[in-house]
2 protein chains.
Amino acid sequence: MARDTRSGKAPTSRDVAALAGVAQSTVSYVINGRQVAPETRARVEEAMRKLRYQPNAGARTLRTSKTNVIALVVHLGPEDDAVETVPYIDTVIAEARRHDYDVILSTLHEGPEGLIRLARRSICDGFLLMDVQEYDERVITASDLDLPVVLVGRPVEARGLDVVDFDTRKTAHLLVDELAATGHRHVAVHDEPPGNAGVYRFLDDFYTGLRERADRHGMELSIIPLEDDSWNSIAQTADPLLDHCHDRLGIIARTPRITQSIVQLLQSRGLVPGEDVSLVSRCTDEMATSFPRPLTNVSPQPRKLTTLAMQFLFDRLAGSEEPARLQLVEPESVTRRATTVNYTRRS
Amino acid sequence: MARDTRSGKAPTSRDVAALAGVAQSTVSYVINGRQVAPETRARVEEAMRKLRYQPNAGARTLRTSKTNVIALVVHLGPEDDAVETVPYIDTVIAEARRHDYDVILSTLHEGPEGLIRLARRSICDGFLLMDVQEYDERVITASDLDLPVVLVGRPVEARGLDVVDFDTRKTAHLLVDELAATGHRHVAVHDEPPGNAGVYRFLDDFYTGLRERADRHGMELSIIPLEDDSWNSIAQTADPLLDHCHDRLGIIARTPRITQSIVQLLQSRGLVPGEDVSLVSRCTDEMATSFPRPLTNVSPQPRKLTTLAMQFLFDRLAGSEEPARLQLVEPESVTRRATTVNYTRRS
DNA sequence: TTGAAAGCGCTAACAC
DNA sequence: GTGTTAGCGCTTTCAA
């Protein structure tokens, strides 16, 4: 009856107990779903509502050593294809909230000490590390933490941590198969800029996948070197790229940025993708359909990847002691749109 | 000497005290920078290092009612121009860490109850609400929270909260002035899709700014209706857009998406921006320079906006009781690149 | 089914 | 300059 509407001080479970005429422990029982007489429960809930009571997170954590927070460690630099990061983050938060967790977002600026800080101060219960490279200093640090950690991206040595990643080899298969099925004879793709070599496992896998399927179908595969992914660099590759244009060429674009540039490159040469040459891209369906000529594409399915990663993490948070898992997320299929030429019909 | 390297249990300040042969309070003094004899301090720091001690955040919060966490509430839907969101988030985290704060990221999915939960459970010390609309249900909720809140975006009624926003009116001025200075006679711009009307204050301001300066310079201003910002809708506006193409037309693009589309539209019509027609855009410098023909642009300066917002928030967190502030972030200037035609030189 | 009481790890008033 | 101690708000034995 005292501190009812007086603001500036949040009500405690003691206040609720007093108002409901029960002991503090009873309030706790109600909150945590222990068996309580229906009539008592009603009185307590009424009191909680009246005081707009919410349990203090710090006190809870202190008592239970559970923070109900997970830390999401991402790379947000301007240089990257940061566009793709947003759906990941969105999905992580949605999944976390479904399990009554909040998400602390951390960038790499702080380095591995950041992980130690978050873990040893008991700020979070677990980690989701995104954009994990083959040799990633965070992995060693994270595996020493004694907390659940899931990696998105494959390090050479996962040190007993769960890993999820895109199955880009399969993606490459689908893309080349699509071109083979529609009667193409040449496949052209831009290589990674030099700096990227051996950084992310899914990059190597992609090119491996291309080679495998080009070989199987007896197609010629041109991998065109690239200095960086700026427009200028890509524009300079126009001639090697379009060399085979009149001999059933299919161009494969691995990133949004490259896709973008190739579309413009073709346009500037007066070439229409889907008529003069084929263009197939690894990008989301949203992006594929945002072009004047909707692109034939394979979606990497970022939301599926993230959901799986969160599943792994919550399994661990629930106490799972299974051996570490490594799972790749396969793309569903190719969606054929306006940029595929079907040579099997023409000839 | 007991629980030295034994893992699974984080060391406490009591362990540190024992190892250093001092009282627990002395450890606290060292951590919190109270005066301590240099020699004692050294022993304590040595012990902390040896145990790799980090103070438990929950216990600290419980004692001090300070979480050292701020909540960032953003809109991450796929529909939006989410690209622009990443630099905001990155800056928020960097600024927060500079002040020894962590950032909890929250989306709108949860609605205003999410704010109440974060505040009343003492999960965070303050809020940064992004993408605030003119009538935004979060504002009332947030202003009742008794915690520091900064809004990015102007509601009709700010209810005593600090507000920062882009000065898009000024942006519009700069863009039209650039076209006037280079001898243009017509200005064309796409209107907002119907759904956007009256949602964000900075939208109205932008068109107001355009009108003001077009009037002043005696230029004709065409605002072209748009159903939505898909490629198809924009493509359909080609004719009205290019009507005045041969009478010194300058096109203004307000968003990345529209900019993108217009570039492609011009290209498909065989028009070169910077020769046949001018194109000036409100977009970041990074984006402006990513096109084959670098765009004349005005940068909205997302990082500057965010830094200011964080400044406001930390002022409040430090206890400032000043009257609520409203501050707009002006763009620096127009950067003239390849897409401006200079008619004052030609005629 | 409910209550009394201890204690999670820390900070800060107070005593020495 | 350092130690003693109380208590932040919660959960959880243990007892009734």
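Model, not experiment: these values are computed from the prediction. All chains are named by letter (A, B, ...) in the order of the sequence lines, taking the proteins before the strands, and each is independently numbered beginning at 1.
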Taking the side chain as everything from C-beta on, heavy atoms only, tell me whether [X] gets closer than 4.5 Å to [Y].
{"X": "A:Leu76", "Y": "A:His109", "answer": "no"}
{"X": "A:Tyr101", "Y": "A:Leu317", "answer": "yes"}
{"X": "A:Ile104", "Y": "A:Leu72", "answer": "no"}
{"X": "B:Phe127", "Y": "B:Leu145", "answer": "yes"}
{"X": "B:Tyr200", "Y": "B:Val132", "answer": "no"}

- Mind calculating the distance between CD1 (B:Ile123) and C1' (D:dG9) to the nearest angstrom? 14 Å
- Value in whole Å for how far the P atom of D:dC10 lies from CD of A:Gln54: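 Spelled out: CD on A:Gln54 to P on D:dC10 is 11 Å.
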- Which atoms form the tightest heavy-atom contact between A:Arg159 and A:Ser143, and what is the distance? NH1-OG, 3.1 Å
- Task: Note the angle between the end axes of the helix from C:dT1-D:dA16 to C:dC16-D:dG1, five pairs defining each, rounded to 10 degrees.
- Result: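 Here the helix ends are tilted 30° relative to one another.
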- Query: Salt bridge check: are B:Asp165 and B:Arg201 linked by an N-O gap of less than 4.0 Å?
  - Reply: no
- Message: Going by ring pair (Phe, Tyr, Trp, His ring centres under 6.0 Å), name the residues that satisfy it together with B:His99, two or more places apart in sequence or in a different chain.
- Response: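 With neighbours one apart ignored, the set is B:Phe314.
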- Got a sec, which pairs hit salt bridge (Lys or Arg N to Asp or Glu O under 4.0 Å) with one end in residues 112-129 of chain B, sequence neighbours left out?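 Listed once each, the pairs are A:Asp102-B:Arg117, B:Glu110-B:Arg117.
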- Sugar-phosphate, base or nothing in reach of B:Ser65, heavy atoms under 4.0 Å: nothing
- Listed partners of B:Glu46 passing side-chain contact (heavy atoms from CB on, under 4.5 Å), at least two apart: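 B:Glu46 satisfies side-chain contact (heavy atoms from CB on, under 4.5 Å) with B:Arg49, B:Lys50 once adjacent residues are dropped.
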- Item | Span of DNA chain C, from the first to the last nucleotide whose atoms fall under 4.0 Å of chain A heavy atoms | C:dT1 to C:dG9
- Task: Summarise how protein sits on nucleotides 11-16 of chain D as a single string, 5' to 3': B when a protein heavy atom is under 4.0 Å from the base, S for sugar-phosphate-only contact, - for no contact.
- Result: BBB---
- First of B:Leu62 and B:Val22 reached from the 5' end of DNA chain D, by closest nucleotide: B:Val22
